[in-house]
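Structure, as structure tokens:
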Amino acid sequence: MAISNSFTGKLLRRGSADGVRLMSSWFRNVDQAPKDPILGVTEAFLADQSPNKVNVGVGAYRDDNGKPVVLQCVREAEKRIAGSQFMEYLPMAGSIKLVEESLKLAYGENSEFIKDKRIAAVQALSGTGACRLFAAFQQRFHPGTQIYIPVPTWANHHNIWRDAGVPLKTFRYYYPESRGLDFSGLLEDIKNAPNGSFFLLHACAHNPTGVDPTEEQWREISSLIKAKGHFPFFDMAYQGFASGSPERDAKAISIFLEDGHLIGLAQSYAKNMGLYGQRVGCLSVLCEDDKQAVAVKSQLQLISRPMYSNPPLHGALIASTVLGDPELKKLWLEEVKGMADRIIGMRATLRENLEKRGSPLPWQHITDQIGMFCYSGMTPEQVDRLTNEFHIYMTRNGRISMAGINTGNVGYIADAIHEVTKSA
């Protein structure tokens, strides 16, 4: 029986209308995501038209004129590699040279673990990518295990392990009353965690507090973690940038290695080489022997393949050229010490300015802490006043990026902080 053209047209129109309704409803349940607590600060700062605005929220180094810095060793490395390298894909594990130099920097030039080929390592998308790879590795091969994260920590740590499907727990770290380490609480939480848990540790320049354990405290932490059979995973985003000495900043790593731990380690060259946008990093896992290292590396590559296939080339060439050339490495060590010394100096200057203004609050913690960030102790309400009344931008937990302070604005910042805290 023939169907009229008018009937067919009605069916097509009805089908089209239903299809349009279906397609238009696909994303109706998607709500706008909350702003990132760190990147949102920069967005607000950029929108502010005040000539007095100051951004002490962003974690990027600035010189004493408030300008971004490209290290001279990086400029020289770029000259050497310009036009001299291929532009094809790197292997899934990334640049072999970058990985080799990264391991020497973290584990030591003459490390027995490197010689014995006990370290599984791959190039990663800076420290964030290294953490994300390890989180996926943990979820795949130790499903159901928990990751213990310090309170507080870099906000993205929670996102990384959560999105990898790893259950999150926390352990005490910062003690607000002293603006220092809650060492007894930290040890108690390590002791009470189920045997065989994973612990996330900041190797140096703890973000956001700037509070690091002493060498003796690291030894106690290492001993207890070993006794409980926990696995320590270190995020080392500031090697060399914290104290000016890469060896000193990796002291926690060396202590754990001396104690016989197997460890995981995320390295980043964002801060200590200024390669923020190049996304250069390394993930390494110390294994029981060379065969285990081969197996672990193969699985890390397998995980990375559907994530991003292989890491970027240019930044890896820069970092490996700097670290692999004695002349450039010497220059880098001088420059990274210069950056660390400037931040340490600005800590002393800010504290001195606050004390000169007769602040009723103690500010010794500014110089006791180390690294890019100072955990000021200011409340969210005080931070809001700094922003609304003085156009000074930072995260609401009171974390100050010392890289954003210079000789030109430190007095203004001290005046503002004194004004909002003097009645505390």
### Message
Apply side-chain contact (heavy atoms from CB on, under 4.5 Å) to residues Phe171 and Ile149 and explain how you reach the verdict.
### Response
CA-CA 6 Å; Phe171 66 93; Ile149 294 178; 5.5 Å; no
Less than 4.5 Å apart, any side-chain heavy atom of [X] and any of [Y]?
X: Asn406; Y: Lys67; value: no
X: Asn397; Y: Pro208; value: yes
X: Arg179; Y: Asp368; value: no
X: Met394; Y: Val41; value: no
X: Gln139; Y: Thr145; value: no
X: Tyr148; Y: Pro194; value: yes
X: Leu386; Y: Met378; value: yes
X: Trp363; Y: Leu361; value: yes

Mark yes when over 12 heavy atoms from residues, nucleotides or ligands other than [X] sit less than 6.0 Å from its [atom1]; otherwise mark no.
X: Ile96; atom1: CD1; answer: no
X: His142; atom1: NE2; answer: no
X: Tyr308; atom1: OH; answer: yes
X: Arg162; atom1: CZ; answer: yes
X: Glu258; atom1: CD; answer: yes

Could you report the tightest heavy-atom contact between [X] and [Y], atom names first, then the distance?
X: Tyr107; Y: Leu286; answer: OH-N, 4.5 Å
X: Gly129; Y: Ala124; answer: C-CB, 4.1 Å
X: Thr214; Y: Gln217; answer: N-OE1, 2.9 Å
X: Ala203; Y: Trp218; answer: O-CZ2, 4.0 Å
X: Asn159; Y: Asn156; answer: ND2-OD1, 3.0 Å
X: Ile366; Y: Cys374; answer: CG1-SG, 3.9 Å

### Query
Where does the angle between the aromatic ring planes of Trp154 and His157 fall among parallel (under 30°), tilted (30 to 60°) and perpendicular (over 60°)?
perpendicular
### Query
Stepwise, does the salt bridge (charged side-chain N to carboxylate O under 4.0 Å, His left out) test hold for Asp63 with Arg342?
CA-CA 8 Å; Asp63 65 16; Arg342 195 188 84 74; over 6 Å; no
### Message
As a quick check of understanding, evaluate salt bridge (charged side-chain N to carboxylate O under 4.0 Å, His left out) for Asp259 and Lys226, giving each step before the final call.
### Response
CA-CA 8 Å; Asp259 286 350; Lys226 186 175 182 181; over 6 Å; no
### Query
Taking the six-membered ring of Phe113, is the NZ or CZ of Arg118 close enough (under 6.0 Å from the centre) and on axis enough (within 45°)?
no
#### Entry: Geometric cation-pi criterion, Lys271 with Tyr61: 6.0 Å, 45°
no
### Query
Between Thr367 and Arg347, is any side-chain donor less than 3.5 angstrom from a side-chain acceptor?
no
### Query
Any chance the side chains of Gln369 and His206 put a donor and an acceptor closer than 3.5 Å?
no
## Note on the structure
Which of Glu109, Glu101, Glu334 passes salt bridge (charged side-chain N to carboxylate O under 4.0 Å, His left out) with Lys329? Answer is Glu109
### Task
With rounding to the nearest 0.5 Å, note down the distance linking OG1 in Thr387 to CZ in Arg396.
9.0 Å
### Message
Testing Phe137, Phe198, Phe233 one by one against Trp161 for a ring pair (Phe, Tyr, Trp, His ring centres under 6.0 Å), which residue passes?
### Response
Phe233
